[in-house]
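To keep things clear, I will list the structure first and then write my remarks on it.
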Amino acid sequence: MPAATHCPYCALQCAMTLVPNPQGPAPVRVEPRMFPTNRGGLCTKGWTSAELLTTPDRLTSPLIREQGGLRPATWDEALGRIAAQLRAIRREDGPDAVAVFGGGGLTNEKAYLLGKFARLALGTSRIDYNGRFCMASAAAAGNRAFGIDRGLPFPVDDLDGADAILLLGSNVAATMPPLLSHLAGARAEGGLIVVDPRRSQTAQLTADGAGLHLQPAPGTDLVVLLGLTHIVLAEDLADLDYLAARTVGVEEVRRSVAAWWPERVQAATGVPVALLRATARTLAASRNAFILTGRGVEQHVDGTDTVTAAINLALVLGLPGTPGSGYGTLTGQGNGQGGREHGQKCDQLPGYRRIADPAHRTAVAAVWGVDPAILPGPGVPAVELLGLLGARGGVRALLVHGANVVVSGPDVARTRAGLAALDLLVVCDFVLSETAALADVVLPVTQWAEEEGTMTNLEGRIIRRRRALDPPDGVRSELEILADLAARLDAPSVWPTDPAEVFAELARASAGGLADYSGLSHELLDAQLDEGIAAHWPYPIGSTGTPRLFLERFGHADGRARLVAVRPRELDRDDAGATPASRAVGQGEPSADLTLITGRLLEHYQSGAQSRRVPELSAAQPRARAELHPATAARLRIAEGDPIVLRNGRGAVRAVALLAERIRMDTVFLPFHFPDEECANLLTAAVVDPVSGMPEFKRTAVTVTRERSSESESAA
Ligand SMILES: Nc1nc2c(c(=O)[nH]1)N[C@H]1C(S)=C(S)[C@@H](COP(=O)(O)OP(=O)(O)OC[C@H]3O[C@@H](n4cnc5c(=O)[nH]c(N)nc54)[C@H](O)[C@@H]3O)O[C@H]1N2
Ligand SMILES: Nc1nc2c(c(=O)[nH]1)N[C@H]1C(S)=C(S)[C@@H](COP(=O)(O)OP(=O)(O)OC[C@H]3O[C@@H](n4cnc5c(=O)[nH]c(N)nc54)[C@H](O)[C@@H]3O)O[C@H]1N2
Ligand code: SF4
Ligand SMILES: [Mo]
């Protein structure tokens, strides 16, 4: 039977039908399906997604480490060993010696059960997930400004009516290609404005009068945004009626941007005054404008403040909560939205509830049938958690579900050392990812086409993932694994393994929370699929969902949005010496010091654990290539295709030089999809945004040289 489902990868969750294909290279064939986000389109990753189902190195048996290697084991042996070791560690060092690391790719059902498992079966406060690398700063800024964090508080097709869209640090042409159809309206009006230190595929869409490209020095977006807000206020372009009726805090923001006149912003960021003014005026003159942020502006130590500055600009222009306009962040992972709502964040309980709030604890404990006093308190965010691995008084056992931290976490050498110092590393995956290869026990799990569940896409729309074929023998679902371990650990409460039952429990536990799913069920979602109804949360019992938030009020008690005054970071704290600002205006001696920014290629997904195993994708992008400006390359005596090394105090990465005029001369771009000696995160630092705990993936000081074999020439 064909199954109407969605792509396994990103948050656009493009709709597809999986058709049985017994004769084909993969057991099912992917057919695109009409849906508001993708309109029948798919990117190359979606088209090839079924090939991973039968990848030759698919895991089909638990593995246990013995004498340095991994050997197959029975489920009973593997789970028995995990339970025994967890019990012993807990007895010796207490429940916080065991930690859990989740993922934004997990279904809502898995993410919910994982949070419950950590709190009830392990009793640990130490759970967090890879969404901390992805959504944490935008979430923190959204909560601060609006009192609710839903990536897009409006359906994606609202963008169609826009005549201006300011897209900050997002390369949707590579990261969500079908979304481009929603930008066509703004392009036709000349209103697509892209802010990126690279002339990315998305920035190239602004050519020929379709819009503007602002190319600031990496990490200076906050200053750009202060400058834009300054111009809007100084030129009397602000929506004063809206500010008075719907917000608080504009006077502080007015004062905070007063000193950021355009010439000063140009000097600090490299963006010409004329472009700054044109941007502010285009946004202010448009009837329907949107401001959208992506990881380029968020993955910084000041990411929360930068998103706050973007929201301030949106509020000054009167966009959020105004029909046909708005602010949003483009959620990344398949369930990056739902994954941040149901309890795998260290400070959170289901329904986007706070674990430190007594009323929230009581509500969830009642659904779980336990005394709220047994729920642990808040834990620590992901980067801090990874820093506790193997430390004295830290974590001795780690369970990983849906993340490949030795490729995608910051400062990979630190994480590798932490993992090596553990007594027990358990990884659930369907392939032997680089992290799974280090585990003491590996548990093979089902893939997307083999399971039922729900995902919440970038619009806060809850959709169904449907089973199209049986999993291979030997593979179990994560729900079964968690229930089995919970029983072995004598956990209280019930541990359903049927995804529909888990969803029903999640719905009850979320009732009354911000992300209320209580009116939904698998059954209703299936019916909605056929009727094409949009199940955006909050969806309390008796409602029909909330496609658009904030039309009448924001999430704070007084219904008003908050403008929060923010200031730029110290631009000279870079560990390589020269500041981006000084480079922006061409000061300083020529040197090999560059600012590394990292990001994505169309063909690969995240750590590459999945996409590197799909032949077409890995053939298209087999190796890490580092983008350098030809002038920079000439100065460093690097030619197209040369093997190069990027280096700093944390490590060295090998890559192939890719010369491209599209990048700033002071910047080098490296994709993070590759492992081992090509792993970009050998260079990134475990420094985080103080509000959100999000690491700085997008601004790292490096030196770049040709590889040693030709060192004689470059040294001359
Ligand atoms: N092909 C593909 N698609 C994906 C994914 C994938 O791995 N591969 N992952 C999914 C996930 S989880 C996510 S989070 C999204 C991410 O989607 P995006 O946010 O679009 O992805 P990135 O490539 O990380 O960063 C976007 C852009 O930010 C720019 N940038 C870097 N530093 C700065 C800076 O300081 N300022 C500004 N303004 N821009 C900067 C980069 O040059 C890059 O073009 O993609 C999703 N879709
Ligand atoms: N330098 C740099 N680093 C970055 C970023 C960047 O822009 N630059 N971006 C960051 C961002 S935005 C993100 S989201 C992270 C992503 O980083 P990761 O979480 O490491 O990314 P994935 O490769 O998606 O890892 C998911 C792993 O889980 C497995 N998996 C998939 N589905 C399931 C499931 O249902 N259950 C289980 N148990 N396993 C599953 C996959 O096979 C894979 O091995 O990377 C971050 N790291
Ligand atoms: S854009 Fe995202 S959801 Fe759509 S096919 Fe590509 S990876 Fe899948
Ligand atoms: Mo992400």
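Note that the coordinates shown come from a computational prediction; the quantities given were computed from them, not determined experimentally.
Ala3 and Ala468 make their closest contact through CB-CB, 3.8 Å (heavy atoms, listed as atom of the first residue, atom of the second, distance). When all heavy atoms of Thr331 and Gln337 are compared, the closest pair comes out as CG2-N, 3.5 Å. Minimum interatomic distance between Ala373 and Arg361 (heavy atoms only, all atoms of both residues): O-NH2, 4.3 Å. Here the closest heavy-atom approach between residue Ala141 and residue Val307 is recorded as CB-CG1, 3.5 Å. In terms of heavy-atom proximity, Ala78 sits nearest to Pro62 at CB-CB, 3.7 Å. In plain terms, the two heavy atoms of Val691 and Ala140 that are nearest each other are CG1-CB, 4.1 Å.
Residues Asp76 and Thr74 have side chains that never bring a donor and an acceptor to within less than 3.5 angstrom of each other. Judged by distance alone, the side chains of Thr308 and Arg144 do bring a donor and an acceptor atom under 3.5 Å apart. Defined by atom type and a distance below 3.5 Å, a donor-acceptor pair is missing between the side-chain atoms of Thr306 and Glu298. The closest side-chain donor-acceptor pair between Gln606 and Arg600 falls under 3.5 angstrom. Under 3.5 Å, the side chains of Asp516 and Tyr539 contain no donor-acceptor pair of N or O atoms. A donor and an acceptor atom, one from each side chain of Arg613 and Gln610, are nowhere located under 3.5 Å apart. For the residue pair Arg295 and Thr329, a side-chain donor N or O sits within less than 3.5 Å of a side-chain acceptor on the partner. Using modelled atom types, one finds no donor on one side chain facing an acceptor on the other under 3.5 Å when comparing Thr107 with Glu451. Between the side chains of Gln13 and Asn335, no donor-acceptor pair of N or O atoms lies under 3.5 Å. A donor and an acceptor atom, one from each side chain of Tyr9 and Ser611, are nowhere located under 3.5 Å apart. In the model, His522 has a side-chain atom that pairs as donor or acceptor with a side-chain atom of Glu109 under 3.5 Å. Under the 3.5 Å distance criterion, with hydrogens and angles disregarded, a donor-acceptor pair is assigned to the side chains of Tyr517 and Thr456. Between the side chains of Glu478 and His401, a donor-acceptor pair is found at a separation under 3.5 Å.
Two residues are said to be in side-chain contact when any heavy atoms from C-beta on lie closer than 4.5 Å; Val367 and Glu505 meet this criterion. The shortest distance between side-chain heavy atoms of Trp75 and Pro444 falls below 4.5 Å. Taking the side chain as every heavy atom from C-beta outward, Lys698 and Val297 never approach each other to under 4.5 Å. You'll find the side chain of Phe550 stays beyond 4.5 Å of the side chain of Phe154, heavy atoms only. Contact annotation: the side chain of Val383 approaches that of Pro410 to within less than 4.5 Å [non-hydrogen atoms, C-beta and beyond]. Residues Leu432 and Val442 meet the side-chain proximity criterion, which asks for heavy atoms closer than 4.5 Å. A 4.5 Å side-chain heavy-atom check between Pro153 and Arg548 finds every atom pair outside the cut-off. Counting heavy atoms from C-beta on, the side chains of Pro492 and Ile374 come closer than 4.5 Å.
A salt bridge links Glu77 to Arg71: at least one charged side-chain nitrogen sits closer than 4.0 Å to a carboxylate oxygen. Note on Arg340 versus Asp149: salt bridge recorded, some NZ/NE/NH1/NH2 to OD/OE distance being below 4.0 Å. Between Arg354 and Asp347, none of the side-chain N atoms (NZ, or NE/NH1/NH2) sits under 4.0 Å from a carboxylate O, so this pair counts as no salt bridge.
Proximity of a side-chain donor or acceptor of Arg126 to a complementary backbone N or O of Phe101 within less than 3.5 Å is not detected. Although no hydrogens or angles enter the test, the distance criterion places a donor-acceptor pair under 3.5 Å between the side chain of Asp128 and the main chain of Cys346. Side-chain atoms of Ser137 do not come within 3.5 Å of backbone N or O of Ser692 as any donor-acceptor pair. Listed for the Gln85 side chain is no donor-acceptor partner under 3.5 Å among the backbone atoms of Ile82. Judged by distance alone, with hydrogens and angles left aside, the side-chain atoms of Gln344 form a donor-acceptor pair with the main-chain N or O of Gly103 at under 3.5 Å. Using a distance-only test at 3.5 Å, with no hydrogens or angles considered, no donor-acceptor pair links the side chain of Asp411 to the main chain of Ala685. Proximity of a side-chain donor or acceptor of Glu92 to a complementary backbone N or O of Ile89 within less than 3.5 Å is not detected. Judged by distance alone, the side chain of Asn130 and the main-chain N or O of Gly104 form a donor-acceptor pair under 3.5 Å.
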After noting the C-alpha distance and the side-chain angles of Ile127 and Leu385, does the key distance pass the side chain to side chain contact (heavy atoms under 4.5 Å, CB included) rule? CA-CA 8 Å; Ile127 173 168; Leu385 183 66; over 6 Å; no

Report the C-alpha separation of Asp93 and Arg396 in whole Å, then their side-chain angles, then the decisive distance to 0.1 Å, and conclude whether the salt bridge (Lys or Arg N to Asp or Glu O under 4.0 Å) test is met. CA-CA 9 Å; Asp93 286 319; Arg396 291 179 54 193; 2.7 Å; yes

Apply salt bridge (Lys or Arg N to Asp or Glu O under 4.0 Å) to residues Arg353 and Glu341 and explain how you reach the verdict. CA-CA 8 Å; Arg353 285 194 166 89; Glu341 298 166 358; over 6 Å; no

Does the pair Phe697 and Phe133 meet the rule for a ring pair (Phe, Tyr, Trp, His ring centres under 6.0 Å), with working shown? CA-CA 8 Å; Phe697 288 123; Phe133 303 158; 5.8 Å; yes

Test salt bridge (Lys or Arg N to Asp or Glu O under 4.0 Å) on Arg81 and Asp440; report intermediate values, then the result. CA-CA 10 Å; Arg81 168 146 162 199; Asp440 300 294; 5.3 Å; no

How far apart are the C-alpha atoms of Ile463 and Thr454, what are their side-chain angles, what is the distance that settles it, and do they pass the side chain to side chain contact (heavy atoms under 4.5 Å, CB included) test? CA-CA 5 Å; Ile463 57 179; Thr454 60; over 6 Å; no

As a quick check of understanding, evaluate side chain to side chain contact (heavy atoms under 4.5 Å, CB included) for Arg58 and Val475, giving each step before the final call. CA-CA 10 Å; Arg58 176 87 193 258; Val475 162; 4.1 Å; yes

Going through the distances and angles, do Leu525 and Ile462 end up as a side chain to side chain contact (heavy atoms under 4.5 Å, CB included)? CA-CA 8 Å; Leu525 287 164; Ile462 297 100; 3.7 Å; yes

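Between the CG atom of Leu70 and the CZ atom of Arg65 there is a distance of 4.0 Å, given to the nearest 0.5 Å. Leu386 CG to Arg132 CZ: the interatomic distance, rounded to the nearest 0.5 Å, is 11.5 Å. Annotation: the span from Leu489 atom CG to Asp484 atom CG amounts to 9.5 Å, rounded to 0.5 Å. A distance of 9.5 Å separates SG of Cys14 from NE2 of His6, quoted to the nearest 0.5 Å. To the nearest 0.5 Å, the span separating CE on Met455 from CZ on Arg461 amounts to 14.5 Å. Taking CG from Leu514 and NE2 from His360, the interatomic distance works out to 7.0 Å, rounded to the nearest 0.5 Å.
For the side chain to side chain contact (heavy atoms under 4.5 Å, CB included) with Leu443, the qualifying choice from Asp429, Leu79, Val427, Leu59 is Leu79, the only one to do so.
Residue Asp57 places its CG atom among more than 12 non-hydrogen atoms of other residues, nucleotides or ligands, all under 6.0 Å distant.
Between Trp495 and Phe117, the ring planes are perpendicular. Angles over 60° get that label, and only those under 30° would be called parallel.
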